[in-house]
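First comes the structure, then the notes that go with it.
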Number of protein chains: 2
Amino acid sequence: ERRIISGIACSDNEAKISIIGIRDEPGAVAAIFKPLAEAGISVDMIVQDVSKDGGLADVTFTVDKDLLDRTLKLIKGSREKTGFKDLISDRNVIKLTVVGLGMAGQAGVAQTMFTALGEKGINIQAISATDIKISVLVQEKHQKEALKSLHAAYGLDKR
Amino acid sequence: ERRIISGIACSDNEAKISIIGIRDEPGAVAAIFKPLAEAGISVDMIVQDVSKDGGLADVTFTVDKDLLDRTLKLIKGSREKTGFKDLISDRNVIKLTVVGLGMAGQAGVAQTMFTALGEKGINIQAISATDIKISVLVQEKHQKEALKSLHAAYGLDKR
Ligand SMILES: C[C@@H](O)[C@H](N)C(=O)O
Ligand SMILES: C[C@@H](O)[C@H](N)C(=O)O
């Protein structure tokens, strides 16, 4: 069975932050991330879906766990400017990433990942994929089982 | 001024699909993408944010424009199984991607992209970023101006 992915990675040093209800208008996310960029805080995963209700959108992203408190402080500090509705954070997440090989047959790469997690009852909290790279956030407690399931699903557990 | 990105790409052959209100429980997205994977339809960008209200989540993704109708048909066809609330699609989008170099100073890469678009009044519809790669969806009509602004923002317009 030929390989369709080049690797599976797991990052457990990330914390998730969700900013709820930012204005869906030009410049809104730029204003959100400005204080973070100025503080030199690197953001890893970023997920923002289209807005539906009343022109408000949400954005979820991850930063290193040890930068969480500082990041939350900066976001709250700029609330007057950015005007969001709610702020949620969670330290107990891991980011699982699968990288495809970009060959024919890639249609199944994301599907295989989602199925491998779904079948083990592991809930996917967020998905960020572009091209051949797919990242998902799940609860930290699932780490061992998630990696085992992913390796098996992609045929990487054969020795 | 040193380069902080390795490239800017624009894909104008993509159509956006948003599936609104899928159950936020294990296996839900797997069920959504199953018929697409079985039909050999490759999905490029995928964005799914955390759910807030009543355990329902949305997922937005892109496929080649010429596969849009077929994809919508397949999604509607499996609605009994997957049970979503709404289905929205849009052909008039382009995907802009910036790839960072993964060096120190990466904190500003996403910020620079968002600011470059925001300042030109270009609205960001969706964001999918992981590690050094950031992709956003904007309206097709903004293509020329968006690329011009991004090249200038990253100092790639100097000759
Ligand atoms: C929601 C946010 O992405 C907004 N549309 C912006 O362009 O900044
Ligand atoms: C919403 C969707 O991602 C769901 N949580 C799943 O795991 O499939």
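Each chain gets a letter, A, B and so on, in the order the sequences are listed, and its residues count up from 1.
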Please round to the nearest 0.5 Å and tell me the distance separating atom [atom1] of [X] and atom [atom2] of [Y].
{"X": "B/I32", "Y": "A/F114", "atom1": "CD1", "atom2": "CZ", "result": "11.0 Å"}
{"X": "B/L156", "Y": "B/K148", "atom1": "CG", "atom2": "NZ", "result": "14.5 Å"}
{"X": "A/L96", "Y": "A/L150", "atom1": "CG", "atom2": "CG", "result": "6.0 Å"}

Practice prompt. Using atom types as modelled and distance alone, determine if a side-chain donor or acceptor of A/Y154 lies under 3.5 Å from a backbone N or O of A/V109.
Written response: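 Yes; at least one donor-acceptor contact below 3.5 Å.
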
Sorted by number, residues from [range] in contact with chain A (heavy atoms, under 4.5 Å):
{"range": "residues 79-90 of chain B", "result": "none"}
{"range": "residues 116-137 of chain B", "result": "B/G118, B/G121, B/I122, B/N123, B/I124, B/Q125, B/A126, B/I127, B/S128, B/A129, B/T130, B/D131, B/K133, B/S135"}
{"range": "residues 11-18 of chain B", "result": "B/K16, B/S18"}

Hydrophobic cluster membership, with links at side-chain heavy-atom distances under 4.5 Å among I/L/V/M/F/W/Y: are [X] and [Y] in one?
{"X": "B/I75", "Y": "B/M45", "answer": "no"}
{"X": "B/I8", "Y": "B/I94", "answer": "yes"}
{"X": "A/L74", "Y": "A/I46", "answer": "yes"}

Discussion item. Run the side chain to side chain contact (heavy atoms under 4.5 Å, CB included) test on B/M113 and B/I5 for me, step by step, so that the C-alpha distance in whole Å, both residues' side-chain angles and the decisive distance to 0.1 Å come before the verdict.
Written reply: CA-CA 11 Å; B/M113 185 184 202; B/I5 65 167; over 6 Å; no

Worksheet item: If you take all heavy atoms of B/A107 and A/S42, which pair is closest and at what distance?
Response: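 Closest approach of B/A107 to A/S42: N-OG, 3.6 Å.
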
Fill in: Nearest non-hydrogen partners of A/P35 and A/S78, listed with the distance
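Nearest heavy atoms, A/P35 then A/S78: CG-OG, 3.9 Å.
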
Fill in: Pair B/L101-B/S6, side chain to side chain contact (heavy atoms under 4.5 Å, CB included): steps then yes or no
CA-CA 6 Å; B/L101 284 168; B/S6 70; 3.5 Å; yes

Fill in: Stepwise side chain to side chain contact (heavy atoms under 4.5 Å, CB included) check, B/Q48 with A/D49
CA-CA 6 Å; B/Q48 183 226 299; A/D49 201 351; 5.9 Å; no

Item to complete: Quick one: which of B/V138, B/T115, B/I41, B/D44 has the most heavy-atom pairs under 4.5 Å with chain A, could you say?
Response: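 Result: the option with the highest number of such pairs is B/D44.
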
Worksheet item: Which one, B/G40, B/A30, B/A28, leads in non-hydrogen pairs under 4.5 Å with chain A?
Response: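 Most heavy-atom pairs within the cutoff with chain A belong to B/A30.
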
Worksheet item: Using a heavy-atom distance cut-off of less than 4.5 Å, which residues of residues 58-73 of chain A contact chain B?
Response: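 Residues in range: A/D58, A/V59, A/T60.
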
Worksheet item: At a heavy-atom separation under 4.5 Å, does B/I20 approach chain A through its side chain, its backbone, both, or neither?
Response: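 Just its side chain gets close to chain A.
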
